[in-house]
Amino acid sequence: MKREPDRPADEKIVEWLKADIVDNVGVLLKSLFEKGNDATVDALANLIIDCYVLGRRAGVNFQVIDMRIKHRINSSINDLSDVDQVYGDLVQLRSYLEGKEQKKR
């Protein structure tokens with residue numbers, strides 16, 4: 001039987017990250033059944049970290065991801081009506097990110 005050559009380390013890391021994202025989505029969904037569960041916060045944090053690292057492995061700079069997130073939030077806020085429940089969440093998220101950015105300065 002012919003053995004498949006080893007994949008490059010970067011490709012293995014990308015595959016591991018993709019599997020970890022899927023795993024953490026499962027953990028997140030299960031954790032939502034229990035209110036106030038630390039597993040929810042851990043799964044969300046792990047997903048965010050994995051997405052940033054996967055983006056970096058795909059050649060996307062962390063700052064570019066941050067800028068795109070801010071752009072997407074602003075676009076979504078402009079597209080939603082005031083009665084939409086998500087609107088308030090996005091406005092709060094934008095305020096949080098802007099406050100975090102100002103603390104850096």
Side-chain angles (χ1 to χ4, degrees):
M1 194 182 286
K2 192 174 182 182
R3 190 175 154 214
E4 185 177 318
D6 290 336
R7 292 187 282 178
D10 282 350
E11 189 176 324
K12 287 182 180 181
I13 292 170
V14 167
E15 292 303 315
W16 180 85
L17 286 165
K18 290 175 2 184
D20 203 45
I21 287 170
V22 170
D23 183 49
N24 279 304
V25 168
V27 171
L28 173 63
L29 296 176
K30 288 177 184 175
S31 73
L32 292 173
F33 288 112
E34 301 175 23
K35 298 242 182 220
N37 191 340
D38 282 343
T40 299
V41 176
D42 288 342
L44 288 167
N46 288 336
L47 281 167
I48 292 166
I49 292 166
D50 284 348
C51 287
Y52 271 89
V53 174
L54 182 59
R56 181 178 175 274
R57 291 287 171 168
V60 181
N61 187 299
F62 295 145
Q63 289 81 11
V64 172
I65 296 170
D66 282 346
M67 288 180 354
R68 185 63 54 95
I69 288 170
K70 291 173 193 171
H71 175 76
R72 297 288 307 265
I73 290 169
N74 288 329
S75 294
S76 295
I77 288 171
N78 293 335
D79 292 344
L80 295 173
S81 68
D82 289 355
V83 294
D84 196 312
Q85 292 179 2
V86 178
Y87 179 84
D89 294 334
L90 292 174
V91 170
Q92 285 183 349
L93 179 56
R94 180 177 63 186
S95 295
Y96 167 76
L97 293 173
E98 287 171 351
K100 199 169 99 170
E101 193 173 281
Q102 287 184 6
K103 286 181 183 178
K104 286 182 186 180
R105 294 177 190 171

>> Determine whether a donor-acceptor pair (N or O, by modelled atom type, separation under 3.5 Å) exists between the side chain of Ser31 and the backbone of Leu28.
In response: yes
> Linking I/L/V/M/F/W/Y whenever their side-chain heavy atoms sit closer than 4.5 Å, directly or via other members, would Phe62 and Leu97 fall into one cluster?
Replying inline: yes
> Which atom pair, heavy atoms only, marks the closest approach of Leu54 to Val14?
Replying inline: CD1-CG1, 3.8 Å
> With Gln92, which residues qualify under side-chain hydrogen bond (donor to acceptor under 3.5 Å, both in side chains), at least two apart?
Replying inline: none
>> Is there a path of hydrophobic side-chain contacts, each under 4.5 Å between heavy atoms, that joins Val22 and Ile13?
In response: no
> When rounded to the nearest 0.5 angstrom, what distance separates CG in Asn24 from CG in Leu29?
Replying inline: 10.5 Å
> Any link between Val53 and Trp16 through a network of hydrophobic side chains (Ile, Leu, Val, Met, Phe, Trp, Tyr) touching at under 4.5 Å?
Replying inline: yes
> Would you call Glu15-Lys18 a salt bridge at under 4.0 Å N-O?
Replying inline: yes
>> Let me check something: do Ile48 and Leu32 share a hydrophobic cluster, defined by ILVMFWY side-chain heavy atoms less than 4.5 Å apart, either directly or through other members?
In response: no
> Would a 4.5 Å heavy-atom cut-off, applied to side chains only, mark Val27 and Asn46 as touching?
Replying inline: no
> Can you tell me how far the CD atom of Glu98 sits from the CG atom of Leu93, to the nearest 0.5 Å?
Replying inline: 10.0 Å
> If two hydrophobic side chains count as joined below 4.5 Å and joins carry through other members, does Leu17 share a cluster with Tyr52?
Replying inline: no
> Asp23: what forms a side-chain hydrogen bond (donor to acceptor under 3.5 Å, both in side chains) with it, not counting sequence neighbours?
Replying inline: none
> Residues in side-chain hydrogen bond (donor to acceptor under 3.5 Å, both in side chains) with Arg56, at least two apart?
Replying inline: none
> CD1/Ile77 to CG/Leu90 distance, rounded to the nearest 0.5 angstrom?
Replying inline: 5.5 Å
> Partners of Lys70 by salt bridge (Lys or Arg N to Asp or Glu O under 4.0 Å), sequence neighbours excluded?
Replying inline: Glu101
> Taking only residues two or more places apart in sequence or in another chain, which ones pass salt bridge (Lys or Arg N to Asp or Glu O under 4.0 Å) with Arg57?
Replying inline: Asp10
> Does anything in residues 38-51 pair up under salt bridge (charged side-chain N to carboxylate O under 4.0 Å, His left out), and if so which pairs, sequence neighbours excluded?
Replying inline: none
